[in-house]
Amino acid sequence: MGAWALLLPLLMATAQAQVCSVSNAIFEVQENTNPSGPLTDIDVPAGQQVTLGPSSTPYAFRIQGTQLFLNITPDYEENTMLEAHLECRSGSTVVTQLRVFVFVLDINDNPPTFPFEVKVENDTKVNTTVIPGTELEAQDLDKDDILFYTLQEVTPGASNFFSLVGTNLPALRLDRTLDFHTWQSMTFRLLVRDTQGENVEPSHTATATLVLEVQPADLRPPWFLPCAYSDPYVCINAEYREAVPTGHKLPASLILRPGPIHAVDGDRGINQRILYSIMRGQEDGTFAIDTDSGNLTMTRSVPSPETFTLLVKGEQADHARYSVTWVTIEARNATGSPPHFPESRYHGTVARGSGAGVEVKDATAPAQPLRIWAQDPDFPDLNSAITYRITNNTNFRMDGETVLTTALLADVGVFYAEVEANNTVTAGTATTVVEIQVLEREEPTPTGGSTSEDRRFSVVDMAALGGVLGALLLLALIALLILVHKHYGQRLKCCSGKDLESQPLSFDDQAFVAPQEANWAPAPHSSPGPTRAAAPEPPEPAPPEPPSTAAPRPASESPEVARDGDGPAAVRSILTKERRPEGGYKAVWFGEDIGAEADVVVLNTPASDAARTADSGSEASSDEDADEDPHADVPGAGSTYV
């Protein structure tokens, strides 16, 4: 027994050495990750081979030599566990079977989904119920509750298209024709309440989100491009034209104007493939059209001048819709003149870092490819017979009339290439030069559009500059107003006044009243002014002379004012009148504390003004004539004495 106890570990070690084994049989891997190295090494005895057994997760593992690799990127939503079944064989006999388990760990890699996602066809009829009420009804465990539904828009403007059939019936109805080009998806929130009012207690609510995806409908036929007129709903198909020489079969596809025959599905959301065919116009089989590309070729030469009018059909691959257009081909006699380039030098641009096969853009219209074309002076419509090639620059090649790159353009610089045009009918040739600038790739504009303008200043820079200029303009206006007021303020006040003779007097001090309401004593020595007489119009007045000042004299007091000498309204009135240039007078009243003296001003005035002054009963007052000296300051002719 003791000998067997000593031999048992040796026998077990020998048995283990004859079977396959792995260091670890259980692994954890996060979803969306793939370990770069092997999962585990497999110990395989000599003379045995290890393979994947039939119960392994399909395509999930592979064995390279004696290493087990994960062959896929695990996804928790597809498989939470992957299993590798290993079989070690000696010849055809399975010696050992092992199982390796990989548990996939979930991560947050999926957005939340809404409970109701409905697809609505773009051509759904108005008033159609797109979601029946049975699918949107909420369940309430309370026996007698009546549920009230409200549809709230999440997508602005979506409520213009859909509504509920009723407050208690949550069926969703289409109210307006859909437009796939404008609205591809709309989101609503459906609110349900078990009471009619919001403030009723108790009251319970629940919400659900509805997402309606508008599906494109097959409403429009194919459009032949470029459209003569187009909008999102209609296209007036292009018509194509070309000229070919008589007696020659052109080997390449015809170069048509305004472009190659090309049509697209009018419903861009469906974008069916278009198939081309010739319906009529070439019964003799002179021309053929490629079903998939629309390229038009000649099958034989045309012996004499003739015009072909082909009716070309563009049909959707599902044969649901089609449209037609005209292709006019004129066969003319070739005269043999060499081709001629309209320009001696063409200018193109291409972005730095462009690889092979990139179109060179027109420098004058960066959104358009650069087109280089020549024409026969005697046969200007002959386009298909002229071929082009670049003779001296391996970085570019010609593809019809456009220039393509042939290599990576890693550096900024300028390339020059010679383009040769060869008229395959007349054997005439012509050359021109293309200047191609390799420029730094422009960053997209904030609006997402492309532009050829050089944006030297940002919006913030322009806003700051505008604010500074606006402040400077405001300061300049303020300074100008101050200067005008300083130098011309009195003149402006004078010119802006109204004729006081046509307006009643008004006073700031309530102690003064209108002349007709005051009890003024008559002046003892009032000198009447000149009387109004019928006389011819006086001549224009001479410029006013400097005013002469009469000797000061005391003014008489009004009986009313004299009696109130002890009160606050005790005012001694002195009326001084000043002739205004545009007519009328300026009256100034002074209080007793200023003094009882005033200068008498004599102003030259036309006779008509003097006459009007004589007629005014308010010009003579007791303040003006008391103790008047008849020989002092006597006004002369054409003057008014104040």
Query raised in the report: Where do Ser323 and Phe224 land on the side chain to side chain contact (heavy atoms under 4.5 Å, CB included) test, with the steps shown first?
Result: CA-CA 8 Å; Ser323 60; Phe224 282 96; 3.6 Å; yes

Requested in this report: Could you give me the CA-CA distance, side-chain angles and deciding distance for Thr406 and Arg397, then say whether side-chain hydrogen bond (donor to acceptor under 3.5 Å, both in side chains) is met?
Outcome: CA-CA 7 Å; Thr406 60; Arg397 67 179 178 87; over 6 Å; no

**Report entry** Residues Ile274, Val264; criterion side chain to side chain contact (heavy atoms under 4.5 Å, CB included); working and verdict
**Finding:** CA-CA 7 Å; Ile274 306 301; Val264 297; 5.6 Å; no

Requested in this report: Show the numbers, then the answer: is there a side chain to side chain contact (heavy atoms under 4.5 Å, CB included) between Asp41 and Val22?
Outcome: CA-CA 6 Å; Asp41 292 329; Val22 294; over 6 Å; no

Query raised in the report: Do Asp265 and Arg321 pass the salt bridge (Lys or Arg N to Asp or Glu O under 4.0 Å) test, and can you show the C-alpha distance, the side-chain angles, and the key distance before you say yes or no?
Result: CA-CA 9 Å; Asp265 191 344; Arg321 297 182 182 275; over 6 Å; no

Requested in this report: Before giving the answer on side chain to side chain contact (heavy atoms under 4.5 Å, CB included), spell out for Phe27 and Thr40 the whole-Å C-alpha distance, their side-chain angles and the decisive distance to 0.1 Å.
Outcome: CA-CA 9 Å; Phe27 298 91; Thr40 184; 3.8 Å; yes

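Partners of Thr129 by side chain to side chain contact (heavy atoms under 4.5 Å, CB included), not counting sequence neighbours, listed by chain and number: Ala171. Residues that satisfy the side chain to side chain contact (heavy atoms under 4.5 Å, CB included) test with Gln368, not counting sequence neighbours, are Ala365. Residues meeting the side-chain hydrogen bond (donor to acceptor under 3.5 Å, both in side chains) test with Gln316, sequence neighbours left out: Asp218, Asp318.
Between the CG atom in Leu70 and the CZ atom in Phe61 there is a gap of 5.5 Å [rounded to 0.5 Å]. Interatomic distance, CG of Asn160 versus OG1 of Thr155, reported as 12.0 Å (0.5 Å rounding). Atom CD1 of Ile270 is separated from atom CD of Gln215 by 9.5 Å, given to the nearest 0.5 angstrom. To the nearest 0.5 Å, atoms OH (Tyr233) and NE2 (His181) are separated by 7.0 Å. If you take CG on Leu151 and OG1 on Thr167, they are separated by 11.5 Å, rounding to the nearest 0.5 Å. Once rounded to the nearest 0.5 Å, the distance linking CG of Leu86 with CD of Gln97 reads 10.0 Å.
The shortest side-chain heavy-atom distance between Val403 and Val350 does not fall under the 4.5 Å cut-off. Side-chain atoms of Phe101 and Met81, non-hydrogen and from C-beta on, do get closer than 4.5 Å to each other. Residues Asp123 and Leu219 meet the side-chain proximity criterion, which asks for heavy atoms closer than 4.5 Å. The shortest distance between side-chain heavy atoms of Asn168 and Phe148 falls below 4.5 Å. Residues Tyr149 and Leu191 have side chains not in contact (no heavy-atom distance under 4.5 Å, counting atoms from C-beta outward). You'll find the side chain of Pro170 reaches within 4.5 Å of the side chain of Glu137, heavy atoms only. Here the side chains of Phe162 and Met186 are in contact, with some heavy-atom distance below 4.5 Å. Using a 4.5 Å cut-off on side-chain heavy atoms (C-beta onward), Leu310 and Leu296 make contact.
Within the structure, side-chain hydrogen bond (donor to acceptor under 3.5 Å, both in side chains) contacts touching residues 191-200 (residues at least two apart or in different chains) are Asp194-His204, Thr195-Ser203. The disulfide bond (SG atoms under 2.5 Å apart) pairs that include a residue from residues 129-178 number zero, where partners must be two or more places apart or lie in different chains.
Although no hydrogens or angles enter the test, the distance criterion places no donor-acceptor pair under 3.5 Å between the side chain of Thr96 and the main chain of Val19. Of the possible polar contacts, none joining the Ser185 side chain to the Glu213 backbone as a donor-acceptor pair under 3.5 Å is found. In this structure, the side chain of Asn79 does not engage the main chain of Leu82 through any donor-acceptor pair within 3.5 Å. Without hydrogens or angle criteria, Asn237 side chain to Thr325 main chain gives no donor-acceptor distance under 3.5 Å. Between the side chain of Asp267 and the backbone N or O of Gly269, no donor-acceptor pair lies under 3.5 Å. For Asn122 (side chain) and Ala217 (main-chain N/O), no donor-acceptor pair under 3.5 Å exists by modelled atom type. A donor-acceptor pair under 3.5 Å links the side-chain atoms of Thr405 to the main chain of Gly355, judged by distance alone. Thr182 contributes no side-chain N or O that, together with a main-chain N or O of Asp179, makes up a donor-acceptor pair within less than 3.5 Å. Between the side chain of Thr205 and the main chain of Val192, no donor-acceptor pair closer than 3.5 Å is present. Without hydrogens or angle criteria, Thr73 side chain to Asn32 main chain gives no donor-acceptor distance under 3.5 Å.
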Using atom types as modelled, flag every donor-acceptor pair under 3.5 Å from a side chain in residues 413-422 to any protein atom, sequence neighbours excluded.
{"unit_1": "Tyr416", "atom_1": "OH", "unit_2": "Glu435", "atom_2": "OE1", "d": "3.4"}
{"unit_1": "Glu418", "atom_1": "OE1", "unit_2": "Thr391", "atom_2": "OG1", "d": "2.6"}
{"unit_1": "Glu420", "atom_1": "OE1", "unit_2": "Arg389", "atom_2": "NE", "d": "2.9"}
{"unit_1": "Glu420", "atom_1": "OE1", "unit_2": "Arg389", "atom_2": "NH2", "d": "3.2"}

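Around atom CZ of Arg257, more than 12 heavy atoms belonging to other residues, nucleotides or ligands sit under 6.0 Å away. Open room surrounds CD1 on Ile146; 12 or fewer heavy atoms of other groups in view lie less than 6.0 Å from it. Surrounding CG of Asp411 are at most 12 heavy atoms belonging to other residues, nucleotides or ligands under 6.0 Å away. Dense packing is recorded around CZ of Arg62, with more than 12 heavy atoms of other residues, nucleotides or ligands lying under 6.0 Å away. No more than 12 heavy-atom neighbours from other residues, nucleotides or ligands sit within 6.0 angstrom of CD on Gln139.
Scanning both residues, Glu31 and Val104, for their nearest heavy atoms gives CB-CG1, 3.7 Å. Considering every non-hydrogen atom in both Ser90 and Gln48, the closest pair reads CB-CG, 4.1 Å. Residue Ala238 comes nearest to Pro226 through the heavy atom pair CB-O, 2.8 Å, listed as atom of the first residue, atom of the second, then distance. The minimum heavy-atom distance linking Leu370 with His347 is given by the pair CD1-O, 3.6 Å. Pairing each heavy atom of Pro222 with each of Ala263, the nearest pair is CB-CB, 4.4 Å. Between Val412 and Val438, the closest heavy-atom pair is CG1-O, 3.1 Å.
Each of Thr150, Leu164, Thr209 was compared with Leu190 under the side-chain contact (heavy atoms from CB on, under 4.5 Å) criterion, and only Leu164 meets it.
Remark: the His85 side chain and the Ser55 side chain contain an N/O donor-acceptor pair separated by less than 3.5 Å.
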